[in-house]
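To find a chain, count down the sequence lines: A is the first, B the second, and so on, and within it residues start at 1. Keep in mind that this is a model prediction, so the values were computed, not measured.
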Number of protein chains: 4
Amino acid sequence: MLRAADDLLVERGFAALTMEGIAQRAGVAKQTIYRWWKSKVDILLDTLSEDAREALAWQPGEDDPEEGLKRHLRRVADFFEEPAGQVMRALLGHAQLDEETAASLRAGFLREQRERDVAGLRALLARGDGPGVDERTADRLVDLLLGPLYHRVLVCGEPVDEELVNTTARLVVTLANDAPGL
Amino acid sequence: MLRAADDLLVERGFAALTMEGIAQRAGVAKQTIYRWWKSKVDILLDTLSEDAREALAWQPGEDDPEEGLKRHLRRVADFFEEPAGQVMRALLGHAQLDEETAASLRAGFLREQRERDVAGLRALLARGDGPGVDERTADRLVDLLLGPLYHRVLVCGEPVDEELVNTTARLVVTLANDAPGL
Amino acid sequence: MLRAADDLLVERGFAALTMEGIAQRAGVAKQTIYRWWKSKVDILLDTLSEDAREALAWQPGEDDPEEGLKRHLRRVADFFEEPAGQVMRALLGHAQLDEETAASLRAGFLREQRERDVAGLRALLARGDGPGVDERTADRLVDLLLGPLYHRVLVCGEPVDEELVNTTARLVVTLANDAPGL
Amino acid sequence: MLRAADDLLVERGFAALTMEGIAQRAGVAKQTIYRWWKSKVDILLDTLSEDAREALAWQPGEDDPEEGLKRHLRRVADFFEEPAGQVMRALLGHAQLDEETAASLRAGFLREQRERDVAGLRALLARGDGPGVDERTADRLVDLLLGPLYHRVLVCGEPVDEELVNTTARLVVTLANDAPGL
DNA sequence: GCCTAATCGAGACGGTACGTCATGTCTTTAG
DNA sequence: CTAAAGACATGACGTACCGTCTCGATTAGGC
């Protein structure tokens with residue numbers, strides 16, 4: 001059923017993603033779906049957890065912090081082009097329209113991802129020359145790190161280009177090394 | 001009718017904002033609404049144009065670039081707390097779910113606002129010590145300037161704090177003065 | 001406008017006969033139609049008066065009563081095949097659905113036509129060998145004279161054949177000559 | 001739902017008989033009605049089949065043909081005063097306005113009723129002194145038998161009086177006994 | 001190996017909103 | 001000053017999904 005929901009979202013968009021449609025596509029009765037999820041948003045939250053966790057994971061590497069950040073940001077940029085990225089866009093979008101979706105999304109996937117991002121960022125910066133950053137500082141840096149990419153994708157609706165990745169990465173490294181001034 | 005739509009959105013949320021509801025609230029026939037707008041999204045696009053233009057305008061000032069940026073970012077942050085900001089959140093959200101909404105929003109309000117942002121940013125930076133930035137550079141800077149705020153609001157669902165405003169403003173000024181390395 | 005209404009009725013049927021349609025077809029504003037008639041039924045009543053009076057008139061002749069009746073009944077049968085007959089069918093039909101239509105139709109056209117029928121029948125029978133019939137008797141005979149034809153057309157929806165015309169005519173003449181037993 | 005439709009027709013007339021009204025009166029969703037019938041006419045056709053079959057049935061009796069005919073015609077006359085008769089009037093009326101209604105009505109109820117009428121008439125005449133009539137002749141007689149009553153009710157909008165019943169009955173018996181001259 | 005019980009497909013049900021159509025009234029505009 | 005053009009409030013249309021609810025049929029598991 002997750003697969004059916006996922007496919008329909010990508011094929012026809014969120015508006016055409018109905019419980020009846022998913023049921024028919026999955027060859028299942030509506031009631032059976034309601035047994036496990038209480039809405040189509042709930043289904044998407046599940047598919048997101050399955051698919052996005054790995055795609056947004058911080059991969060280990062031997063390079064310096066700036067290079068590592070670039071690598072990760074490119075992964076994030078690519079993620080938005082994939083089906084799982086479409087699901088995330090849809091959920092982030094729906095969270096703007098519905099408080100309950102927002103709460104579920106933020107209490108679940110987004111909170112966990114934030115933790116992974118903070119940890120990943122700290123680990124990466126620890127490999128550099130500087131003193132590294134504490135958890136609170138890393139948390140602050142995440143908005144600066146991801147914000148420009150999300151803005152480009154969600155607000156402008158354009159793909160993230162290399163220049164934005166590079167500038168953002170360089171900038172965050174600079175800030176991190178200059179942490180006291182943050 | 002714009003007022004009725006606006007009120008209902010803020011009071012009850014996007015899902016409960018129906019054409020029938022707007023019609024009833026405005027004391028107007030559904031047909032009359034359809035005569036002028038083809039969907040509730042269309043109505044919101046109109047209210048956005050009316051209300052958000054001024055709220056997101058770059059106000060003149062005598063202060064230096066960094067101070068000016070902070071002032072503007074605080075206005076942006078405040079905007080998201082107002083009704084007009086709710087409308088914008090809703091439209092940005094719906095744009096993630098519906099290609100047509102995305103196209104309308106970006107071809108209209110967002111494009112114009114982007115132009116105002118680029119012009120405002122350039123004007124502000126021109127008041128500083130540095131050489132200022134050309135249009136293309138300013139355009140690139142806008143993602144970095146606004147991205148963190150939008151991320152905080154749309155993704156995290158939290159209010160923009162003073163610290164984020166200050167850091168972002170300082171960072172963009174630094175980058176601008178260091179433009180060749182952008 | 002009568003012409004426009006008439007044409008539309010025949011072309012597309014009663015359901016598709018709307019005030020808006022008539023106005024458009026006649027190149028006239030709706031309001032102008034409402035100035036003269038209060039409904040589409042009212043318009044049809046007018047076209048009926050214009051067209052049906054002559055088609056259902058009793059034509060003079062030199063033949064005997066039975067022949068004369070046959071002639072007249074054939075005219076009635078033919079009338080139902082013409083556009084004016086369609087109007088009459090529509091109005092009689094609508095009169096079953098709407099008391100007001102029924103009242104207008106019966107107070108106007110049908111009452112006058114009934115008078116013409118009674119007079120026509122009496123004149124015809126006066127040419128025969130028998131003693132003729134008085135007005136009340138003729139009035140009673142009219143249901144027997146026209147009923148079978150109307151039944152065939154309105155209820156069965158089939159055309160009136162020669163046999164029905166002949167039998168009905170013969171029968172009414174017989175009855176008329178046997179008036180005391182009526 | 002048949003009951004709700006029936007009641008509303010009698011109470012408020014055909015024009016005020018709406019799918020929404022029926023749904024509300026029956027405490028049922030519109031969609032449920034559309035699941036089973038495709039229009040209000042379809043519903044009325046069903047109520048007619050249920051109610052009119054018996055009211056228009058030919059009842060057995062021991063009397064002679066003329067008396068039997070009178071009995072039956074009086075039943076027909078009474079039928080038009082009942083709710084089921086209102087339904088029939090409405091359907092016959094609407095059949096004049098709409099080809100599809102006409103086709104449904106004639107292919108269904110009217111065809112069956114015609115068969116019952118032919119059979120009933122033949123059975124009655126077989127009880128008389130004469131030779132009886134064959135099926136084709138009986139079919140021709142039905143227009144003459146029912147036409148006057150229908151004319152009085154549908155066209156004149158007046159109740160059927162005893163005189164019309166008696167005259168019509170006598171006349172059909174006479175004709176039947178004189179069948180060769182038909 | 002059978003019978004009971006739970007599960008699941010199918011889809012009917014009472015609802016709500018959709019977007020469209022025609023109504024009859026009204027205002028505005030052009031000749 | 002009239003009449004076209006058409007905006008307006010109203011209300012029904014027929015459709016799509018919603019979330020809940022019965023139905024049988026089909027499995028499985030406990031005896």
Original post:
Does D:Phe80 have any ring pair (Phe, Tyr, Trp, His ring centres under 6.0 Å) partners at least two apart in sequence or in another chain, and if so, which?
Top reply: D:Tyr150
Original post:
Which residues pass the side-chain contact (heavy atoms from CB on, under 4.5 Å) test with B:Thr32, sequence neighbours left out?
Top reply: B:Met1, B:Val28, B:Ala29, B:Arg35, B:Trp36
**OP:** Go through the structure and list residues passing side-chain contact (heavy atoms from CB on, under 4.5 Å) with A:Arg111, not counting sequence neighbours.
**Re:** A:Glu115
Original post:
Going by heavy atoms closer than 4.0 Å, what residues in residues 7-22 of chain D are next to DNA chain E?
Top reply: none
Subject >> Pairs touching residues 21-30 of chain A that satisfy side-chain hydrogen bond (donor to acceptor under 3.5 Å, both in side chains), sequence neighbours left out >> reply: A:Glu11-A:Arg25, A:Glu20-A:Lys30
Original post:
Looking at residues 29-38 of chain D, who's got a heavy atom less than 4.0 Å off DNA chain F?
Top reply: D:Lys30, D:Gln31, D:Tyr34
**OP:** With sequence neighbours excluded, tell me which residues meet side-chain hydrogen bond (donor to acceptor under 3.5 Å, both in side chains) with A:Glu50.
**Re:** none
Original post:
Which two nucleotides bound the region of DNA chain F that has atoms under 4.0 Å from heavy atoms of chain D, read 5' to 3'?
Top reply: F:dA12 to F:dA16
Original post:
With C:Phe14, which residues qualify under ring pair (Phe, Tyr, Trp, His ring centres under 6.0 Å), at least two apart?
Top reply: C:His94
**OP:** Map D:Met1 and B:Lys40 onto DNA chain E by nearest heavy atom, then report which one ends up closer to the 5' terminus.
**Re:** D:Met1
Original post:
Taking only residues two or more places apart in sequence or in another chain, which ones pass side-chain contact (heavy atoms from CB on, under 4.5 Å) with D:Glu99?
Top reply: D:Ala102
Original post:
Got more than 12 heavy atoms from elsewhere within 6.0 Å of CD, C:Gln86?
Top reply: yes
**OP:** Tell me, please, which residues at least two apart from A:Ser39 pass side-chain contact (heavy atoms from CB on, under 4.5 Å).
**Re:** A:Val41, A:Asp42
**OP:** Only counting residues at least two apart or in another chain, list the ones meeting salt bridge (charged side-chain N to carboxylate O under 4.0 Å, His left out) with C:Arg12.
**Re:** none
